[in-house]
Amino acid sequence: MLDLIQRVREGGLPVIIISHDMPHVFELADRILIMRLGKRVAVVTPKTHTMPEAVAIMTGATKSELEQAMTKETQPE
């Protein structure tokens, strides 16, 4: 599917993707409109924002809160 979307983009056609799969979004998007609770909260680009920054905006968490949560997920118990 990602290959098809990429070919369509390369053909000059606009593509709208609605997804929470941030790695795919960052791979494909020129602009990312971030919504939270049905409201537009930001428009970012993969060049101006990192994926953790975009997720922090999306969830309302601070970047440090998000980094702490990600660290806890990767540590063995």
Original post:
Is the number of heavy atoms from other residues, nucleotides or ligands under 6.0 Å of L2 CG greater than 12?
Top reply: yes

Subject >> 4.5 Å side-chain heavy-atom contact, I5 and H24 >> reply: no

Subject >> Donor-acceptor under 3.5 Å (T48 side chain, V44 main chain) >> reply: no

Subject >> M22 to A54 - nearest heavy-atom pair and separation >> reply: CE-CB, 3.8 Å

**OP:** Could you grab the distance from atom CG of L33 to atom CD1 of I18, nearest 0.5 Å is fine?
**Re:** 10.0 Å

Original post:
Which value, rounded to the nearest 0.5 Å, describes the distance between I32 atom CD1 and M51 atom CE?
Top reply: 8.5 Å

Subject >> Spacing of M35 atom CE and M58 atom CE [to the nearest 0.5 Å] >> reply: 12.5 Å

Subject >> Stepwise salt bridge (Lys or Arg N to Asp or Glu O under 4.0 Å) check, D30 with K47 >> reply: CA-CA 9 Å; D30 295 321; K47 293 179 181 178; over 6 Å; no

Original post:
Where is the tightest heavy-atom contact between A29 and P46, given as atom of each residue plus distance?
Top reply: O-CG, 3.3 Å

Subject >> Pair listing, salt bridge (Lys or Arg N to Asp or Glu O under 4.0 Å) test, anchored in residues 51-61, at least two apart >> reply: E53-K63

**OP:** Could you give me the CA-CA distance, side-chain angles and deciding distance for I34 and V43, then say whether side-chain contact (heavy atoms from CB on, under 4.5 Å) is met?
**Re:** CA-CA 6 Å; I34 300 174; V43 177; over 6 Å; no

Subject >> Working for side-chain contact (heavy atoms from CB on, under 4.5 Å), residues H49 and I57 >> reply: CA-CA 10 Å; H49 288 74; I57 295 168; 4.1 Å; yes

Subject >> Any residue meeting side-chain contact (heavy atoms from CB on, under 4.5 Å) with V8, in chain and number order, not counting sequence neighbours >> reply: L4, L13, V15

